[in-house]
Amino acid sequence: MTLYQPFLDHAIVVLQERLDLQPYPIPIGFESKSAIVGKGKNQDEVLTTSYAYQAPKLRQIRAAHVQGGQALQVLNFVIFPQLNYDLPFFGADLVTLPGGHLIALDMQPLFREDAAYQAKYTQPIWPIFETYQKALPWGGDFPEEARPFFSPAFLWTRPQETAVVETDVFAAFKAYLQAYLDFVDQVEPVTDAQALAEIEQAQLRYLRYRAEKDPARGMFNRFYGPEWTEEYIHGFLFDLERKLAEVMEHEGLMADR
Ligand code: DBV
């Protein structure tokens with residue numbers, strides 16, 4: 001059992017319990033990808049598996065799980081809400097590299113500086129953040145340009161010990177996911193045209209940033225090549241622009257009939 005498998009298993013069980021969970025298409029060739037990396041007796045298989053679901057209020061729930069031996073484990077798990085809800089994104093980037101563990105866990109806001117938005121989506125999770133922050137102190141060096149995409153309750157930490165990942169990080173992950181699904185239960189659809197336009201802009205801002213700056217790009221390029229990597233990023237991991245283009249094309253075709 002690799003380090004982040006229990007996180008993934010837990011998430012899928014909870015999602016199945018709490019949502020009307022349906023599959024979400026994974027493009028052919030991206031469900032599972034493997035490569036042999038390294039030379040001689042340092043050869044290792046690096047396996048990347050993908051998982052994707054949808055639910056009535058959630059456009060895409062997806063995970064990428066990279067398993068390449070003890071010193072290379074990644075679980076990147078993101079929930080993208082439908083565009084008619086003001087929900088934050090659930091974002092977990094759980095990364096183990098030869099240099100150590102790097103953990104990012106947050107409910108990533110659509111509107112970082114909006115006080116009413118913070119009251120709605122940060123205040124309720126503040127006690128959870130404070131509980132886990134004690135064991136999971138601020139991880140330091142962090143790209144300044146990424147700040148607008150994280151909430152004040154962002155858990156960003158670099159645990160020295162794998163045991164901390166298995167205990168405190170796992171507990172925090174469970175608590176954030178439960179709290180996120182509570183938000184999903186309670187949220188009402190947005191109908192105001194102006195508000196809907198702002199949500200779409202905020203989702204696109206987030207998505208473009210993440211697709212452009214994906215910190216895994218270098219790693220995937222090395223393992224699987226640039227062609228596979230770009231298609232994985234734009235066609236699966238961060239696919240909103242593609243999906244919006246498909247809808248517009250479909251509407252255009254319907255109008256031509
Ligand atoms: N990160 C992803 C995806 C990954 C992934 C889809 C499937 O968004 C893995 C894989 N993250 C990953 C890896 C690294 C990081 C680092 C492999 C290490 C890169 C390296 O050191 O070579 C949060 N993840 C990071 C970093 C941050 C995050 C801040 C450090 C990057 C740096 O220092 O430049 N999560 C990440 C992030 C956002 C987010 C940047 C932005 C909105 O939500």
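All heavy atoms count here, side chains included; hydrogens, waters and symmetry mates do not. Just follow the structure's listing: the first ligand is 1, and inside any ligand the first atom is 1.
Ionic pairing of Lys120 and Asp114 is not present here: no N-O contact between side-chain nitrogen and carboxylate oxygen is shorter than 4.0 angstrom.
Applying the 6.0 Å contact sphere to CD of Glu161 captures no more than 12 heavy atoms from other residues, nucleotides or ligands.
Within 4.0 Å of ligand 1, heavy atoms belong to protein residues Ala64, Val74, Asn76, Asp93, Val95, Leu97, Leu102, Ala104, Gln108, Phe142, Pro143, Phe149, Phe150, Trp156, Tyr209, Arg210, Asp214, Pro215, Ala216, Met219, Phe220, Leu237.
For the residue pair Ile199 and Leu83, the shortest heavy atom distance occurs at CG2-O, 3.3 Å. Contact detail for Pro81 and Tyr180: the closest heavy-atom pair is CG-OH, 3.5 Å.
Between the Gln60 side chain and the Ile79 main chain, no donor and acceptor come within less than 3.5 Å of each other. A distance-only check finds no donor-acceptor pair linking the side chain of Glu230 to the backbone of Trp228 [under 3.5 Å].
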